[in-house]
Every structure is written in structure tokens, then in C-alpha cells.
Amino acid sequence: MPRDSERAEYPEHVIENRRYWDAMADQWVAAGERAWRAEAPLWGCWGIPESELCLLPQDMSGMLAIELGCGTAYVSYWLTQRGAQVVGIDNSAKQLETAQRLANEYQVALELRHGNAEELPYPDGHFDFAISEYGAAIWCDPKIWIPEAHRILKPGGELVFLGNSPLAMICTPLDGGDNDAHLHRSYFELEKLDWTRCEIDPGGIEFNLPISSWMRLFRETGFEVLDYLELQAPKGSPDRFGTPGQWAQSWPAEQAWKLRRL
Ligand SMILES: C[S@@+](CC[C@H](N)C(=O)[O-])C[C@H]1O[C@@H](n2cnc3c(N)ncnc32)[C@H](O)[C@@H]1O
């Protein structure tokens, strides 16, 4: 697997997020193994079936796809099961170790690369499909990674990404505690969410935008919106990663965008 050396010119959030994910990669092994075992794709914190969300093309034969922030690479694996040839890029070498082990166990050929999804080592118009589930979708700067995803897609290629909703971010207390029914920060100032100094589970720098800013970014970059989904957790869902199941049943904790490159 091509290794990315520590790059001094990487922005602060890429360096911090590499440290954060390398340090906790061990805690994500079991979840990765479960997702590789799944018979069909299950999305997000509450495992909503692909049959409900329809995020993926049914037949990906002959497609070249990339997963941006692939982690343990189960999404990449799902794409190969639909016929695609897949590259997974991730900022954490430790996450990629798990991805490579699972790819070997499942005897699937994935090209795994260590690097930053904001600077992809591929030529313009190289891919038919790009995806991120909680990878670049939340850990990369949208003003950098969305144009970069546009650059490496062919005209007509799709970008699908899923992550925290802007609403979930403004309902997260500033100390990093569980989401609640209060608004803790300005919606209009959503952009960089720096959790490195919060009291509860400190570490990591995320990004999110108001919905109107996402829309403007897509338009200015050259993407058309095919669909925007606000995910509702199923009844009786457990609490997941600081979001009470009851909260996610009443309000959208997760968003998914389906875009087409013009
Ligand atoms: C929650 S995981 C999501 C991936 C996958 N769905 C999973 O759960 O294993 C987040 C991943 O994003 C990766 N990541 C964070 N910043 C990144 C960047 N700048 N470029 C590529 N990957 C990044 C992390 O290393 C981590 O593996």
C-alpha cells in the first residue's frame, strides 16, 4: 500500500485528524468487521438499509470508484460487490491496516492509499463514482474536498456522501456532550468544528455547513443535486456516538447528498 509520509504542509485539521484516528483505530475494528459481514449495505449510525436510501447504482460493472476517507473500507467492499473497481483513500495508516487485512480475508482486490482526500493523487476526470460515509464527508474542509472530488470525476459521474446533519452539530453542547434539544451555536457560523479542547472525548476537527451554503458550494463547483436525504433513526434505536436514539428519531441526525458532476 503506498504510504504517505507526514507532510509538514498539510493543514492543521489533517494532521490533528491523522493523530486522532490513528490513536482510536483499534476501537473501530469490530464495527468494521460487522459491516464487512453485512449481506447488504447498511448506512450511518443506525444502519438504515440501502433498499430505503438508494444511494448506490445497482450495477457498477465497469465503473472506477473511489471512497474518500474509507476507514476500514466496508463501503469500498460493497461497491466491489456491485461490480466496481475501487480505490479507498484514508488519512490513517492504522485504519488502512484493518482495511487491508479484511480485503485479504474476503479475497477482494482494493487499491488502498494512505493520504489526504483533499489532495487526490489522480488525474482529472479519472473516476465514475465517488463516495464518503463519515470520511471526507465530515473530516475534510468542504471548500477543498468538494472541488477536489469534482476534479477527479468524469462529467456525469456521481458523488454521494453521508454524515452528521447541520442540525445535529448545532444541538451538540460545546463541551462535546450528547446532543440535546437546545441550540448551542450559531447555525450561520457553522464551518469548522474543533473538538480538540472540549471536555468530553476531546480530539478531532470536523466540518459542516448550513444547508444553503452546501447548496451554493455544489452549484459554484459544478454539481447538480440529485437528492438530499435527512435520515430518521428507526423506532427504538439505541444511542450512538453522542446522539440519543430518541433524538435521532425526532430530528435528522444524519444527512446524505447525491450529486452529479456537470
Ligand atoms: C468514521 S471513519 C469513516 C470511514 C468508514 N465509513 C468507517 O466507519 O470505517 C472516518 C475516517 O475518515 C478518515 N479521514 C479523516 N480525515 C481524512 C482526510 N483528510 N483524508 C482521508 N481520510 C480522512 C479517518 O482516518 C477515518 O478512517
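All ligand and atom numbering here is 1-based and tracks the order in the structure.
Among all protein heavy atoms, the one lying closest to atom 1 (C) of ligand 1 is Trp21 CH2, 3.3 Å. Protein heavy atom in closest approach to atom 4 (C) of ligand 1: Gly69 O, 3.4 Å. Nearest non-hydrogen protein atom to atom 10 (C) of ligand 1 is Tyr134 O, 3.2 Å. Atom 20 (N) of ligand 1 has Ala117 N, 2.9 Å as its closest protein atom, hydrogens excluded (heavy atom only). At the shortest separation from atom 23 (C) of ligand 1 among protein heavy atoms lies Asn91 CB, 3.4 Å.
The pair Asp22-Lys94 fails the salt-bridge criterion, with no side-chain N (NZ, NE, NH1 or NH2) lying under 4.0 Å from an Asp/Glu carboxylate O. Salt bridge annotation for Glu16-Arg18: absent, with no cationic side-chain nitrogen under 4.0 angstrom from a carboxylate oxygen. Contact check on Lys143 versus Glu118 returns no salt bridge, with no Lys/Arg side-chain nitrogen under 4.0 Å from an Asp/Glu carboxylate oxygen.
Within 6.0 Å of CD on Glu105 lie more than 12 heavy atoms contributed by other residues, nucleotides or ligands. Residue Met24 qualifies as enclosed at atom CE: its count of foreign heavy atoms under 6.0 Å is above 12.
Listed by number with element, the atoms of ligand 1 under 4.0 angstrom from any heavy atom of Gly71 are 4 (C), 9 (O), 27 (O). Atoms of ligand 1 lying under 4.0 Å from any heavy atom of Asn116, numbered from 1 in the order shown and given with element: 18 (C), 19 (N), 20 (N). Applying the 4.0 Å criterion to heavy atoms of Gly115 picks out, from ligand 1, the atoms 20 (N), 21 (C). Which parts of ligand 1 touch Gly135 is read off a 4.0 Å heavy-atom cut-off, strictly below it: atoms 12 (O).
For a threshold of 3.5 Å applied to N or O pairs, the pair formed by Asp90 and ligand 1 contains at least one separation below that value. The N/O atoms of Thr72, backbone and side chain alike, include one that comes under 3.5 Å of an N/O atom in ligand 1.
The part of Cys70 lying near ligand 1 is the backbone, judged by heavy-atom distances below 4.0 Å. At a heavy-atom distance under 4.0 Å, atoms from both the backbone and the side chain of Ser92 approach ligand 1. Heavy atoms from both the backbone and the side chain of Glu133 come within less than 4.0 Å of ligand 1.
Relative ring orientation between Trp257 and Tyr228 is described as tilted, the plane-to-plane angle lying within the 30° to 60° band.
Not a single heavy atom of Ala136 sits less than 4.0 Å from an atom of ligand 1. Residue Tyr74 places a heavy atom less than 4.0 Å from ligand 1.
Outside the 6.0 Å centre-distance limit, the rings of Tyr134 and Trp43 are not counted as a close aromatic pair. Taking the six-membered ring for Trp and the full ring otherwise, the centers of Phe223 and Trp214 sit at least 6.0 Å from each other.
Comparing heavy-atom distances from atom 15 (C) of ligand 1 across Trp28, Trp139, Trp43 singles out Trp139 as nearest.
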Exercise. Step by step, would you call Asp227 with Val225 a side chain to side chain contact (heavy atoms under 4.5 Å, CB included)?
Worked result: CA-CA 6 Å; Asp227 207 355; Val225 176; 5.8 Å; no
